[in-house]
Engineer: 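One structure follows; several queries about it will come next.
Within every chain, numbering begins at 1; the chains are lettered A, B, ... in the order of the sequence lines, protein sequences first and strands thereafter.
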Amino acid sequence: MFDKYMICEDTVRNVVKDGRVAGFELGARLPYYRGLGLSMVEDVAVSVDGEKIQRESVRVTLRGRTYTLDEMETEYEDRWEMGEVATVTVLKPGGLNAGPHTIELVERLRVAYLPFPLIGRDLKQVTVG
Amino acid sequence: MNAPHTVKRGVSLYSFQEEYFLRTMTLEQCIAQAAKLGAFGIESLAEQMMPGFPNLSDDFYAKWYEWMQRYRTTPVCHDMFLDTKKYKDRLLTQEECIQSIERDLKHAARLGCKVMRVLVFVAPKLLEKCIPLAEKYDVKMGLEVHAPWHLDHGWIMGFMEMIERTGTRHVGLIPDMGIFTKRLPRVMRDRAQRSGATPAILDYVCAEYENRTLADYVIFEVRRMGGNAVDMAFAEQCRHNVWSNPKRLLEFMPYIFHIHAKFYEMLPDCTEYSIPYEDIVPVLIQGGYDGYLSSEYEGNRHIQDAFAVDSVEQVRRQHEMFKRLLGER
């Protein structure tokens with residue numbers, strides 16, 4: 001529904017931790033017209049230049065709280081609100097090389113009234129400085 | 001000219017989801033915008049525009065009432081959801097479902113809403129168990145009759161049977177006017193074309209929909225024509241959209257206490273491309289409908305790939321149409 005807004009423009013950047021580039025992050029939204037409890041967010045899949053990032057390397061941060069995707073599956077209180085921008089961090093030593101990249105974000109949601117999973121997909125060309 | 005009537009105008013803030021999503025409008029601005037159009041009945045979705053739900057503060061509710069006063073608006077309807085798939089390994093139990101519905105009834109009552117929209121997938125036997133709660137909070141539970149369901153669908157008949165058997169005044173229907181989609185929305189057709197569908201096949205499907213050809217036959221024919229994946233998905237629209245004569249509403253009128261005025265595309269002349277409100281509104285007046293026509297704009301998702309979405313203008317046009325059809329000037 002809101003697939004084209006999933007990856008926020010101009011938010012992709014490398015993350016430096018303890019003096020090293022530990023990975024990269026991007027601002028991300030759900031493709032859905034309402035907020036959802038985190039236990040119903042089944043997957044937040046990131047690919048860079050066609051290469052899929054391991055699920056274990058993805059973190060989602062909402063209002064200062066950071067989750068692994070497995071932790072989200074058993075989080076029954078916190079929500080990812082409609083249009084709320086979460087920080088999706090990809091742990092990848094060295095991060096992204098400077099220059100253009102293709103980032104793909106696929107989010108899979110478990111929505112009660114749909115017989116199938118709701119899958120949102122966004123693909124954006126970004127340039128890392 | 002017009003007969004006296006009690007049809008009122010309102011807006012479901014669902015209509016402004018594109019603007020709210022992108023944070024170009026706040027909840028307060030959505031309410032103010034409805035009021036500006038003289039649409040004083042407010043329908044809201046807590047899970048959309050009230051972050052933190054179900055744990056909203058007293059301050060939030062106080063602010064809500066301030067807004068209602070400031071803009072002279074009336075809280076009309078709260079739209080519930082029910083996360084039956086909250087847990088990965090099991091569905092909610094019936095008891096958990098009832099607790100979730102009570103949570104929403106409580107919220108509706110705190111907002112000052114007399115009506116709560118219930119999703120069509122909620123089963124009649126579950127809703128029947130919630131009647132005492134609806135009575136306690138004095139909020140009517142309205143089942144949303146949403147395409148591809150329709151008033152004469154077997155699933156809806158199950159609710160009618162339950163309503164009549166229990167004699168409850170706290171369960172009824174909220175027909176979504178998408179059940180009167182006379183021709184397929186043009187915004188859907190054009191979106192399919194931009195996504196790679198075959199124009200001649202799209203035209204064929206639209207024509208067959210208007211001929212009321214059985215959906216299965218249309219889908220079969222499109223497959224025979226060599227339709228691609230997008231063509232096939234568009235042919236499926238013959239299943240997802242439905243039409244019947246709006247006069248069917250008359251028989252159900254005693255059970256209808258709210259209406260979703262669904263629309264996909266308001267044209268510059270303030271008519272809707274696919275849903276004939278010219279035929280619907282007079283039926284509501286004739287039937288003595290005493291409630292709101294609550295705008296529900298759902299065209300954004302079909303145009304946002306190629307065009308700027310202007311929900312405010314779309315809702316404005318719909319209310320110009322309602323004013324005309326309700327004899328407001």
Engineer: Please check if the side chain of B/K85 supplies one atom and the backbone of A/L114 the other of a donor-acceptor pair under 3.5 Å.
Structural biologist: yes

Engineer: With rounding to the nearest 0.5 Å, note down the distance linking CG in B/N300 to CZ in A/F2.
Structural biologist: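 CZ of A/F2 is found 5.0 Å from CG of B/N300.
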
Engineer: Does A/R55 have more than 12 heavy atoms from other residues, nucleotides or ligands lying within 6.0 Å of its CZ?
Structural biologist: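 Atom CZ in A/R55 is packed in, count exceeds 12.
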
Engineer: Check this for me: B/R239, atom CZ, are more than 12 non-hydrogen atoms of other residues, nucleotides or ligands nearer than 6.0 Å?
Structural biologist: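 Enclosed: over 12 neighbouring heavy atoms sit under 6.0 Å from CZ of B/R239.
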
Engineer: Could you go through the side chain to side chain donor-acceptor pair (under 3.5 Å) check for B/Q48 and A/Y32 one step at a time?
Structural biologist: CA-CA 10 Å; B/Q48 193 170 64; A/Y32 193 28; over 6 Å; no

Engineer: At their closest point, which heavy atom of A/A112 faces which heavy atom of B/D83, and how far apart are they?
Structural biologist: CB-CA, 4.0 Å

Engineer: Quick check: are there more than 12 heavy atoms from other residues, nucleotides or ligands sitting under 6.0 Å from NZ of A/K124?
Structural biologist: yes

Engineer: How about CD on A/Q54, more than 12 heavy atoms from neighbouring residues, nucleotides or ligands closer than 6.0 Å, or not?
Structural biologist: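 No, CD of A/Q54 has 12 or fewer neighbouring heavy atoms, counting only those of other groups under 6.0 Å.
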
Engineer: Pick whichever of B/F81, B/Y20, B/F53, B/Y14 has the most heavy-atom pairs under 4.5 Å with chain A.
Structural biologist: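 Of the candidates given, the most pairs with chain A belong to B/F81.
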
Engineer: Can you tell me if CZ on B/R110 sees more than 12 non-hydrogen neighbours from other groups inside 6.0 Å?
Structural biologist: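 Atom CZ in B/R110 is crowded, with more than 12 foreign heavy atoms closer than 6.0 Å.
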
Engineer: I'd like to know if A/R79 and B/E47 make a salt bridge, using a cut-off of under 4.0 Å between side-chain N and carboxylate O.
Structural biologist: yes

Engineer: Measuring from atom CE of A/M1 to atom CD of B/E298, what distance do you get when rounded to the nearest 0.5 angstrom?
Structural biologist: 8.0 Å

Engineer: Between A/L109 and chain B, which part of the residue has a heavy atom less than 4.5 Å away: side chain, backbone, both or neither?
Structural biologist: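 Contact with chain B involves no heavy atom of A/L109 at all.
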
Engineer: Any cation-pi pair here, A/R29 with B/F21, using under 6.0 Å and within 45°?
Structural biologist: no

Engineer: Heavy-atom cut-off 4.5 Å, strictly under: side chain, backbone, both or neither for A/L38 against chain B?
Structural biologist: neither

Engineer: To the nearest 0.5 Å, what is the distance between CG on B/L45 and CE on A/M82?
Structural biologist: 8.5 Å

Engineer: Can you say whether B/L82 sits under 4.5 Å from chain A via the side chain, the backbone, both, or neither, judging by heavy atoms?
Structural biologist: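 The backbone, not the side chain.
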
Engineer: Quick one: do A/D70 and B/K88 make a salt bridge, cutoff under 4.0 Å?
Structural biologist: no

Engineer: To the nearest 0.5 Å, what is the distance between CE on A/M40 and OH on B/Y87?
Structural biologist: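 Going from the CE atom of A/M40 to the OH atom of B/Y87 covers 9.5 Å.
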
Engineer: Let me know if A/V111 has heavy atoms under 4.5 Å from chain B in its side chain, its backbone, both or neither.
Structural biologist: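 For A/V111, the contact with chain B is made by the backbone alone.
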
Engineer: Find the one option among B/R301, B/Q304, B/H302, B/M49 whose heavy-atom pairs under 4.5 Å with chain A are most numerous.
Structural biologist: B/Q304

Engineer: So which atom in A/S39 and which in B/K86 form the shortest heavy-atom distance, rounded to 0.1 Å?
Structural biologist: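 Scanning both residues completely, I find the closest heavy atoms to be OG-O, 2.8 Å.
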
Engineer: Without hydrogens or angle criteria, can the side chains of A/Y5 and B/E18 be said to hold a donor-acceptor pair below 3.5 Å?
Structural biologist: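 B/E18 and A/Y5 do have a side-chain donor-acceptor pair below 3.5 Å.
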
